[in-house]
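Scroll down for the structure; my scribbles are underneath it.
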Amino acid sequence: MTSQISDNGRVADAPSDNWVYRALPRWAWPFAQLARWDRPIGWQLLMWPCFWSAALAANAALSEGRPAFWQLIGHLILFFIGSVAMRGAGCTYNDLVDQDIDMAVARTRSRPLPSGRVSRLNAKVFLALQAFAGLIVLLSFNGFSILLGILSLGVVAIYPFAKRFTDWPQFFLGLAFSWGGLMGWAAVFGGLSWAAVWLYLAAVAWTIGYDTIYAHQDKEDDALVGVRSTARLFGDATKIWLTIFFALTLVLLAFSFGAAAVSFPAWLGLVVAAVLFGWQLLILDIDDASQCLDLFKFNSIVGAVVFAGLFLSLPLA
């Protein structure tokens with residue numbers, strides 16, 4: 001197994017024709033894999049709550065007569081850069097913590113650290129560089145947002161260990177991955193409101209849902225090595241639990257939209273998101289690992305739909 005990994009330089013659970021392998025020199029591949037640049041779905045799912053919150057705040061600011069469109073564009077650019085940097089840093093940190101577990105799981109055994117293609121020291125240096133890039137982005141915002149961003153590090157630090165002490169690691173992932181739901185609003189208003197809090201909680205529920213689908217890929221290996229997850233906890237009742245979490249996502253987003261008094265396009269986007277959630281629940285086969293991965297990735301479309309609705313509401317704010 002190790003020699004095969006060394007020969008082709010790829011990881012087992014990422015597409016081998018990704019741009020990483022065409023654009024970067026071979027020595028950089030393992031670092032790109034640590035940051036998951038070959039798997040953009042992670043930074044996309046981290047980015048959408050940031051974009052939701054930024055667009056929600058722009059709607060609220062415009063309704064108060066404040067110019068907010070170009071500020072929104074600037075914030076979206078910063079949140080995009082920050083999402084790529086911090087998702088890469090988070091994945092690198094997670095791989096450092098989980099190296100022994102990744103060695104025992106077939107899907108993750110070919111990753112750079114367990115396969116020996118990157119040393120732990122080099123991974124730590126790369127982690128620091130990505131975190132520094134994220135810090136530069138964070139320092140572009142107001143003081144309250146900077147403090148809020150620093151507070152998120154506590155949740156981020158706990159997440160990789162959650163699978164060792166709780167059946168709900170997806171909840172901790174949700175707390176970390178949804179933090180942008182607070183940041184976008186704080187970047188505009190220098191504080192928080194119920195609209196941002198409801199949106200954050202909606203993103204947490206959404207994350208628990210889509211990451212439960214993702215975790216069904218590894219449930220057999222997870223059981224062997226003692227890794228805990230909501231996929232293992234819910235088992236055959238997964239669809240019932242997903243219905244609860246996806247419905248909760250919609251209800252909490254509705255609370256958020258109502259608190260911010262957004263206009264019709266945002267509500268239309270929420271209706272489309274509800275249809276997309278229903279479609280996932282209808283076709284989901286928790287024993288089909290390939291389909292679970294596809295549906296996990298499909299949630300980026302859900303995130304884009306919600307953002308599009310908020311963005312298209314701006315002219316009517």
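When reading the values below, keep in mind they use all heavy atoms of this one structure, side chains included, and skip hydrogens, waters and symmetry mates.
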Holding to salt bridge (Lys or Arg N to Asp or Glu O under 4.0 Å), I want the full list of residues that pass it with [X], two or more places apart in sequence or in another chain.
X	value
Arg232	none
Asp100	none
Arg36	Asp95
Arg66	none

Note, [X] side chain near [Y] side chain (heavy atom, < 4.5 Å):
X	Y	result
Leu45	Ser83	no
Val251	Phe255	yes
Ile150	Leu138	yes
Arg111	Val118	no
Thr108	Ile101	no
Ile213	Gln280	yes

When you measure from the side chain of [X] to the backbone of [Y], do you find a donor-acceptor pair of N or O atoms at a distance under 3.5 Å?
X	Y	answer
Lys239	Leu284	yes
Glu64	Ala61	no
Asn18	Arg39	no
Ser152	Gly149	yes
Ser178	Leu175	no
Arg117	Ser110	yes

Parallel, tilted or perpendicular: ring planes of Phe307 versus Phe51, cut at 30 and 60 degrees: tilted
Plane angle bin for Phe245 and Trp241 - parallel if under 30°, tilted between 30 and 60°, otherwise perpendicular: parallel
Worked verdict on Phe177 versus Tyr210 for ring-ring contact (aromatic ring centres under 6.0 Å, His included): CA-CA 12 Å; Phe177 247 55; Tyr210 68 63; 7.2 Å; no
Sequence neighbours excluded - ring pair (Phe, Tyr, Trp, His ring centres under 6.0 Å) pairs with any residue from residues 92-121: none
Spacing of CG belonging to Leu113 relative to OG belonging to Ser119, to within rounding of 0.5 Å: 8.0 Å
Separation of Leu46 CG from Trp43 CH2 (nearest 0.5 Å): 10.0 Å
Shared hydrophobic cluster, Met47 / Met86 (ILVMFWY, side-chain heavy atoms < 4.5 Å): no
Shared hydrophobic cluster, Leu96 / Leu129 (ILVMFWY, side-chain heavy atoms < 4.5 Å): no
Sequence-distant partners of Ala215, side chain to side chain contact (heavy atoms under 4.5 Å, CB included), two or more places apart: Gln170, Ser229, Ala231
Greater than 12 external heavy atoms within 6.0 Å of Leu139's CG: yes
Phe132, CZ atom: more than 12 neighbouring heavy atoms under 6.0 Å: no
Side chain to side chain contact (heavy atoms under 4.5 Å, CB included) between Trp37 and Trp19, worked out: CA-CA 9 Å; Trp37 293 344; Trp19 71 269; 4.1 Å; yes
Aromatic contact, Trp185 with Phe141 (centres under 6.0 Å): no
Ring centers of Phe264, Trp267 separated by less than 6.0 Å: no
Among Phe257, Phe311, Trp206, the one residue meeting ring pair (Phe, Tyr, Trp, His ring centres under 6.0 Å) with Trp52: Trp206
Check against side chain to side chain contact (heavy atoms under 4.5 Å, CB included), Lys219 and Ile286: CA-CA 10 Å; Lys219 57 192 173 187; Ile286 60 173; 3.9 Å; yes
Pair Phe79-Val137, side chain to side chain contact (heavy atoms under 4.5 Å, CB included): steps then yes or no: CA-CA 8 Å; Phe79 282 130; Val137 170; 5.9 Å; no
Trace of the side chain to side chain contact (heavy atoms under 4.5 Å, CB included) decision for Val188 with Leu72: CA-CA 9 Å; Val188 172; Leu72 171 63; over 6 Å; no
Presence of salt bridge, Lys163 and Asp222, under 4.0 angstrom: no
Test ring-ring contact (aromatic ring centres under 6.0 Å, His included) applied to Phe234 and Trp168, step by step: CA-CA 10 Å; Phe234 299 161; Trp168 292 86; 5.4 Å; yes
